[in-house]
K.L.:
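After the structure tokens below, expect a handful of questions from me.
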Amino acid sequence: MDNQYNPKDVEAKWQHIWQEEQPFSASVDSTKEKYYLLEMFPYPSGRIHMGHVRNYAIGDVVARFKRMQGFNVLHPMGWDAFGMPAENAAIEHGIHPAKWTYENIASMRHQLKKIGLSYDWKREFATCDADYYRWEQLVFLKMFEKGLAYKKGSSVNWCEDCQTVLANEQVEDGCCWRCHNQVQSKELDQWFFKITNYADELLDWTDKLSGWPERVLAMQRNWIGKSYGCEIDFQVAGDDEKIKVFTTRPDTLAGVTFMSLAPEHPMVEKLVTAEQSQAVQDFMTTVERQDKADRTSGDLEKIGIFTGSYCLNPFNGEKIPVFLANFVLMGYGTGAVMAVPAHDQRDFEFAKKYDLPIRVVIQPKDVDLVADQLTEAYSDPGFLVNSDQFDGTDNESAKEQIAAFLDNLGVGRKTVNYRLRDWGVSRQRYWGTPIPIIYCDDCGAVPVPEEDLPVVLPTDVELTGEGGSPLARHQQFLQVSCPKCGKTARRESDTFDTFVESSWYFARYTCPDYTDGPLDKKAANYWLPVDQYIGGIEHAVMHLLYARFYTKILRDLGLMDVDEPFTNLLTQGMVCKETQRCPEHGWLYPEQVIDGKCELCQQLVEQGRTEKMSKSKKNVIDPNQLIDQYGADTARLFSLFAAPPEKDLEWNEQGVEGCYRFLNRVWRAVADNKELITDAKVGADISGEAADLRRKTHQTIKKVSEDIDGSFHFNTAIAAVMELVNAIYAFKSAKESPGVLREALEAVVCLLNPFVPHICEELWHAMGHEEGVELSGWPTWDEAALVTEEISLVVQVNGKVRGKISVATAAERQAIEAEALADENVQRFIGAKEVCKIIVVPGRLVNIVVK
RNA sequence: GCGAGAGUGGCGGAAUUGGUAGACGCGCUGGUCUUAGGAACCAGUAUCCUAUGAUGUGGGGGUUCGAGUCCCCCCUCUCGCACCA
């Protein structure tokens with residue numbers, strides 16, 4: 001072997017071998033315990049960035065570790081290939097989205113292979129492959145059949161100039177990102193998935209996903225937003241119509257002094273009287289303007305307007321005014337709120353502003369609330385007052401009793417409300433999965449017959465960014481005959497939200513080549529659920545919730561038998577770097593700064609905050625350059641060593657060099673001792689320095705095993721191996737005990753293999769092994785080697801360290817106490833004081849308590 | 001405002017059940033070897049101090065023989081949600 005560590009040659013060699021021999025391809029084997037490891041697949045933007053390197057390095061550690069432990073590991077990779085950037089590239093550069101996407105995939109695949117990740121590349125697919133999305137179309141048809149996919153009107157951002165629908169991220173300050181025209185809202189008929197049917201199951205399982213970070217579960221619970229309450233009908237005065245409200249506080253019903261409706265409420269037109277018509281018009285204009293301007297800004301002033309109508313409180317028949325209020329949302333509850341100013345802060349502020357009555361109906365025990373002296377709403381528990389037969393009842397039981405009372409009268413009922421809305425999946429875009437529906441004037445929305453799938457996305461389109469989706473103008477695509485009646489019909493031109501593809505790709509990896517349906521049930525049931533899923537926290541709600549929902553859909557369609565897709569979830573932190581700025585040239589790339597000066601004008605560079613690596617701030621490190629300079633193993637090692645996976649990682653060039661130095665040390669440790677350790681065995685009786693190194697070796701095996709397994713403390717695992725390497729360098733009895741040295745070196749190579757696989761394979765073979773290091777298995781520690789004859793204990797006097805003693809491992813308590821008391825410095829601190837207690841913590845310390 | 005998490009040397013970060021605070025790495029200091037070194041190796045590196053001594057894990061209380069760790073109050077920061085009726 002070479003005396004010099006040369007990462008380029010070593011990495012090229014092993015990557016070639018892995019390419020040829022495919023040692024990481026997995027197959028169903030019911031005799032072995034499976035382990036499905038998955039990292040969130042990337043969008044093929046064209047370039048790998050440091051966030052990817054970190055994400056995939058973390059995953060690869062687990063994959064290689066589990067494989068060494070003997071698990072049957074599935075570790076696939078693919079491409080989340082539909083989406084807007086491909087269309088934008090087409091508009092800007094005239095490249096077809098398909099060409100752009102597949103070229104990006106090819107270059108990113110090449111980059112990923114240079115990192116040396118242990119993927120089963122045979123399972124790779126892109127979601128824009130018709131072989132993938134055809135099954136998504138089939139699942140959609142089944143969902144349509146079961147009423148889980150349905151159509152309803154919904155508004156989108158619309159640019160009149162470009163004649164196109166805009167995604168939220170294409171709207172900047174209420175204007176179109178391309179032409180800066182004011183964005184309008186437009187009502188379109190769109191497809192929805194009935195995720196609300198699964199709201200309870202999705203919520204209930206959040207208590208059972210013990211392998212997920214608590215904050216992700218909290219975010220999902222919050223998102224689902226289940227609340228228990230009551231729906232109450234308020235009769236409109238002088239009319240048959242009723243206004244339905246949802247409230248979580250039926251106990252405050254007697255305190256209702258007005259009603260607030262969302263400005264978009266369907267009954268508004270009917271309720272507004274002639275006298276109020278102009279005022280309401282003005283109000284509506286204000287609110288519309290506000291809506292756009294305030295989407296990004298914070299608090300909004302609470303404003304409202306009287307409709308001129310009244311409704312009746314079903315509890316006491318009181319006539320109360322109906323207002324429109326800007327803070328009432330049509331999307332939550334029923335879009336109408338019974339206002340109780342004494343006990344709800346928003347209602348309180350509103351009542352104060354418009355001089356509406358306030359009536360206290362909940363009294364706390366200790367203070368006496370007086371309506372016109374309140375400075376804020378009282379929303380804590382208490383007893384009912386001003387509520388007729390319910391006076392004196394505590395408000396918690398009053399919730400039940402009043403709900404029952406209303407139910408009896410037929411004007412109210414207990415209900416459950418969710419913040420979660422159904423999932424809108426229609427996108428007026430080209431680069432996505434076509435929705436397999438045909439519209440017929442006579443038959444309505446007709447599903448494409450299964451045998452006609454896939455509905456293939458046509459490639460002969462022109463993207464201009466104007467005039468809406470190219471599919472909506474593509475006559476050959478649009479014109480079909482109705483599958484039911486044969487008449488001329490029109491194909492759906494919308495495509496799916498790309499979150500649909502990412503909601504089941506993990507299942508398709510278990511059987512990517514299956515041609516008889518979306519999933520090979522046997523393979524899916526063997527591999528799923530994913531044992532460990534790894535990705536960014538930014539997907540905490542949308543992607544992860546949709547994937548959970550879709551899993552339940554696939555289960556209920558009988559395609560597989562799992563309830564939840566991901567048993568354990570790891571959300572890794574961002575990769576950050578210090579920003580640098582030139583007073584004249586703005587943000588600078590790291591390589592533009594030479595000795596703290598701007599390369600363009602020699603001015604002193606200002607050091608900015610450490611922020612997430614991003615092109616716009618130019619605080620980026622290109623993984624390709626890094627790998628060229630130091631090799632993939634160094635890049636991997638640094639991203640695993642500098643911070644625990646779930647925390648943000650601060651990039652530091654000197655830290656990278658430190659990792660490179662460490663790998664050099666490891667290399668030399670083997671190279672320098674190669675002859676000496678050939679065929680060396682651990683001797684029968686070893687003592688002194690050799691026993692110490694052997695203990696260190698086995699301690700390290702234990703520590704690294706425990707740090708990786710389950711807890712992902714990669715940084716401390718690597719630190720432990722560094723200590724072992726330091727011990728190897730300090731070992732002076734190599735000639736006498738080459739076997740102990742060999743054992744230590746082999747441990748280093750095995751333990752490091754999941755982190756830096758190229759160098760480890762090379763060193764493993766250099767040490768004379770025929771088989772690969774992965775096949776050698778994960779090393780196990782020998783408890784006997786951990787035992788020492790003597791241990792060192794700390795002696796404290798009143799909790800402060802005053803000395804150190806060395807005692808036999810098996811020493812009795814009495815002997816330890818005596819030894820501790822005999823220590824000279826300890827005696828000095830005891831002095832004339834009385835020893836009242838001696839605490840002995842085995843293996844740790846002795847604490848002498850004196851008075 | 002609500003929810004979640006965090007605050008430890010010059011820096012990134014370590015510290016099972018409460019049990020030697022600062023592992024490991026970076027940086028820095030000194031040394032060895034070298035024509036030279038930004039290579040390699042060795043030693044040192046929380047603060048104060050003459051000290052075998054005192055202080056020290058955001059601040060203030062408390063529990064304990066003993067608190068970075070447990071309890072109470074407060075401060076700061078990060079993330080998520082935000083008029084949710």
K.L.:
Assign A:N222 to base, sugar-phosphate, or nothing according to its heavy-atom contacts below 4.0 angstrom with the strands shown.
P.N.:
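Result for A:N222 = sugar-phosphate.
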K.L.:
Name the nucleic acid region contacted by A:G225, choosing base, sugar-phosphate or nothing; use a 4.0 angstrom heavy-atom cut-off, strictly under.
P.N.:
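No contact.
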K.L.:
Base, sugar-phosphate alone, or nothing: which one does A:V216 contact when heavy atoms must sit under 4.0 Å apart?
P.N.:
nothing
K.L.:
Describe the nucleic acid contact of A:V849 in one word from base, sugar-phosphate, nothing, applying a heavy-atom distance below 4.0 Å.
P.N.:
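Contact class for A:V849: sugar-phosphate only.
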K.L.:
In whole Å, what separates the P atom of B:A23 from that of B:U16?
P.N.:
15 Å
K.L.:
Treat primed atoms plus P, OP1 and OP2 as sugar-phosphate and everything else as base, then score nucleotides 36-58 of chain B 5' to 3': B for base contact with protein heavy atoms under 4.0 Å, S for sugar-phosphate contact only, - for none.
P.N.:
----SS----------SSSS---
K.L.:
Along nucleotides 12-18 of chain B, 5' to 3', which nucleotides get a B, which get an S, and which get a -, given that the test is a protein heavy-atom distance under 4.0 Å?
P.N.:
SSS-B--
K.L.:
With a non-hydrogen cut-off below 4.0 angstrom, is A:Q796 in contact with a base, only sugar-phosphate, or nothing?
P.N.:
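Base, at least one base heavy atom under 4.0 Å.
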K.L.:
Rounding to the closest angstrom, what is the interatomic distance between B:A82 and B:U76 at atom P?
P.N.:
25 Å
K.L.:
With rounding to whole Å, what would you report as the distance between B:A4 and B:U8 at their P atoms?
P.N.:
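These two P atoms come out 22 Å apart once rounded.
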K.L.:
Say you pick atom C1' in B:G12 and the same atom in B:G60; how far apart are they, in whole Å?
P.N.:
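Here B:G12 and B:G60 have their C1' atoms 30 Å from each other.
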K.L.:
Checking one value: the base orientation of B:G9, syn if chi is within 90 degrees of 0, otherwise anti.
P.N.:
syn
K.L.:
Would you sketch RNA chain B in dot-bracket for me? Only Watson-Crick or G-U wobble pairs with both distances under 3.5 Å count, crossing pairs as [ ], other-strand pairs as |, the rest as dots.
P.N.:
(((((((..(((......[....)))((((((.......))))))(((....)))..(((((..]....))))))))))))....
K.L.:
B:A51 and B:U47: how far apart are their C1' atoms, nearest whole angstrom?
P.N.:
15 Å
